[in-house]
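This report refers to the structure that appears directly beneath it.
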Amino acid sequence: MDASVRVRFAPSPTGYPHLGNVRTALFNWLFARHTGGTFILRIEDTDQARKVEGAVEVILNSLQWMGMDWDEGPFYQSQRLDMYREYGEKLVNEGKAYYCYCSSERLDAMRQEQIKLKQPPGYDRHCRDLGHEKTGWGDSAVAPVIRFRSPLEGKTVITDLIRGEVIFENSTLDDFVLLKSDGYPTYHLANIVDDHQMQISHVMRAEEWLSSTPRHVLLYAAFGWQPPRFAHLPMILGPDKSKLSKRHGATSIDEYRDKGYLPEAMINFLSLLGWSLDDKTEIMTCEEIIKNFTIERVSKTAAVFNAAKLEWMNGVYIRNLSPQEFSDRCMPFVKQALPDMVIEPGYMQQIAPLVQERARVLAEVPDLVDFFFSDKLEYDSALLCGKLERAQAVEVLNRTIRALENIHEWLAGDMEAAIRPLAEGLELKAGPFFGVLRVAVTGRTASPPLFETMEVLGRDRCMARLKAALQKL
RNA sequence: GGCGCAUUCGUCUAGGGGUUUAGGACGCUGCCCUCUCAAGGCAGAGAUCACCGGUUCGAAUCCGGUAUGCGCUACCA
């Protein structure tokens, strides 16, 4: 237990959280829970242009859905603008940053030119030594930004908990913006100020941030602050091995919820994207993951997201649910997909066990069970015969109906005992014989076991369907 | 272009000098079970550990280079 561990998940509400974001949140949360530390939620809403309405709510909901509770926050950077500005101006006053009045047009033109000349793009430090005659807002038609006065030489060494020592030449760093002309801080400024103020001990974020870490280390030094420990997590890639994004299909976490992935399966699966317990353990409860999670066992290499494996794992979790719980969790999906049907919880509880091991995601349950609810089955009569002659199929149905009329208790065992011998009489194997009945009763060629299905369906519905099948032939 | 990171079966990964004929999982194929579909069981294919050199009695494991991939290179995060 290390109560001094303070970590944060700091998403920007510029879109809905995707698997990568959630994995980052998860690792921070796991680390906090493992160490007995504190998990803080901070919304980095400093980009007014890319802000997406409602994204914060989705982020919060997603964390809650996955069971990742936070101890402090959410804090909003947009509510702390004055403070960032003060810190920015403080650096200007100390000569560690400066106002820049370059217009975006000049900056764009400069970049174009640099690219044309095959030079590394970057700010040309035009305003770095303007002097003091022009300082602050109001002195120019152009609202200025504050830029960091990056050292021109030397090296910045960062020690990453996952990657070890990484060395950057300061000369490759440009004078990045700290405070934008709209008064909002950039990520670099706000992030450092907040991490310091919130006493963050470990910064765990995706590897895409590794390149900007020297800037952050330099900023901490400029403020005279002790930087936190850094751990850059491996990226999660799409099947084409590029950074996960919308074009890879379902990436937003609530899409997975809507498809019927279980949060516990998502936790388990995501925990294994860049972390492992040992050489064989894969299915773990959240408690087990928390107990065993350490940064030492986080891998360095980017992971391609394997949707098929997630689906498999979700199936494992679905099968491990109690029948009651499975039934309860199916309800919303079934109701939504079959809006015209009356879905009684009691009936659903009878149906559920028949499809539990056949579903990999909850959203496919409605397709598996809809025939339990419909009054009239729609199917191609050709399915009824399968490979049998029409006359044979008719005979199968007639004999079954007769046998069933003598059944006292509508129980799967009794029905099977009465019907199975009928196949022999027609010199048919059980497979083809039951096949006819299956289509008659369910309208499809694949279904849960026939007699259990018929028992749940009930006598009236089954008899009606068998007779209806006869009519079709 | 510059800088950085990475590189073990198609994918997720174990392994960190001899215990490895490189282990597990998903997926795939086959067989078994079986009233269909699943689930389950068993088996199989699949990795010269990116490549080249070096260190060493010995390298997937250590070092160097090359290649490739990815990331960053914004008044985005």
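Just so we're clear, the structure is a prediction, and the values are computed from it rather than from any experiment. Letters A, B, ... are given to chains in the order of the sequence lines, protein chains preceding strands, and every chain is numbered from 1. Atoms considered below: every heavy atom in the structure, side chains included; atoms not considered: hydrogens, waters and symmetry mates.
B:G71 and B:C76: their C1' atoms are spaced 15 Å apart (whole Å). For the C1' atoms, the distance from B:U55 to B:G65 is 15 Å, rounded to whole Å. Straight-line distance between the P atoms of B:C28 and B:U19: roughly 34 Å, to the nearest whole Å. Between B:G27 and B:C3, the two P atoms lie 44 Å apart (nearest whole Å). Comparing the same atom, P, in B:G24 and in B:C9 gives a spacing of 16 Å after rounding to whole Å. Across the C1' atoms, B:G23 and B:C37 are found 33 Å apart, a figure rounded to whole Å. With both ends at atom P, the span from B:U48 to B:U11 equals 12 Å, rounded to whole Å.
Side-chain N/O atoms of A:K429 include none lying less than 4.0 angstrom from OP1 or OP2 on B:U34. An OP1 or OP2 oxygen of B:C35 is reached within less than 4.0 angstrom by a side-chain nitrogen or oxygen of A:R420. For the OP1/OP2 pair of B:U11 and a distance below 4.0 Å, the side-chain nitrogens and oxygens of A:K241 include at least one atom meeting the criterion. Regarding contacts with the backbone of B:A77, a side-chain N or O of A:K180 is found under 4.0 angstrom from either OP1 or OP2. Within the structure, a side-chain polar atom (N or O) of A:R360 is placed less than 4.0 Å from OP1 or OP2 of B:A39.
The local environment of CD in A:Q197 is crowded, with over 12 non-hydrogen atoms from other residues, nucleotides or ligands closer than 6.0 Å.
In terms of polar N and O atoms assigned as donor or acceptor, the side chain of A:S181 comes within less than 3.5 Å of the base of B:C75 in a complementary pairing. Side chain A:S211 to base B:G71: a donor-acceptor pair is found below 3.5 Å. Judged by atom type and distance alone, A:K309 reaches the base of B:A25 through a side-chain donor-acceptor pair under 3.5 Å. Interface remark: the A:R163 side chain does not form any donor-acceptor pair with the B:C5 base, using a distance-only criterion of under 3.5 Å.
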Exercise for review: Evaluate the side-chain hydrogen bond (donor to acceptor under 3.5 Å, both in side chains) criterion for residues A:H232 and A:R163: first the C-alpha distance (whole Å), next the side-chain angles of each, then the deciding distance (0.1 Å), finally the verdict.
Suggested key: CA-CA 7 Å; A:H232 286 92; A:R163 276 148 233 284; 5.7 Å; no
Practice item. I would like to know whether A:E169 and A:T172 meet side-chain hydrogen bond (donor to acceptor under 3.5 Å, both in side chains); could you show each step before the answer? Key: CA-CA 6 Å; A:E169 291 286 342; A:T172 62; over 6 Å; no
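Among the nucleotides B:C76, B:G15, B:U11, the one closest to the side chain of A:V304 is B:U11. Taking every side-chain heavy atom of A:F168 into account, B:C3 is the closest of B:G27, B:C3, B:A14. Distances from the side chain of A:A303 to the nucleotides B:U13, B:C35, B:G27 place B:U13 closest. Each of B:G4, B:C12, B:C35 was ranked by its minimum atom distance to the side chain of A:E452; first place goes to B:C35. Closest to the side chain of A:Y187, out of B:A77, B:G27, B:U13, is B:A77. Of the candidates B:C35, B:U11, B:G23, B:C35 carries the atom nearest the A:R438 side chain, counting heavy atoms from C-beta on.
Annotation: cation-pi pair A:R42/A:Y76 absent, no NZ/CZ under 6.0 Å from the ring centroid and within 45° of its normal.
Ion pair A:D124/A:R106 flagged as a salt bridge, since at least one NZ, NE, NH1 or NH2 atom sits closer than 4.0 Å to an Asp/Glu carboxylate oxygen.
No engagement by A:P214 is indicated, since no non-hydrogen atom pair under 4.0 Å with the nucleic acid exists.
Taking the side chain as every heavy atom from C-beta outward, A:Y98 and A:I146 never approach each other to under 4.5 Å.
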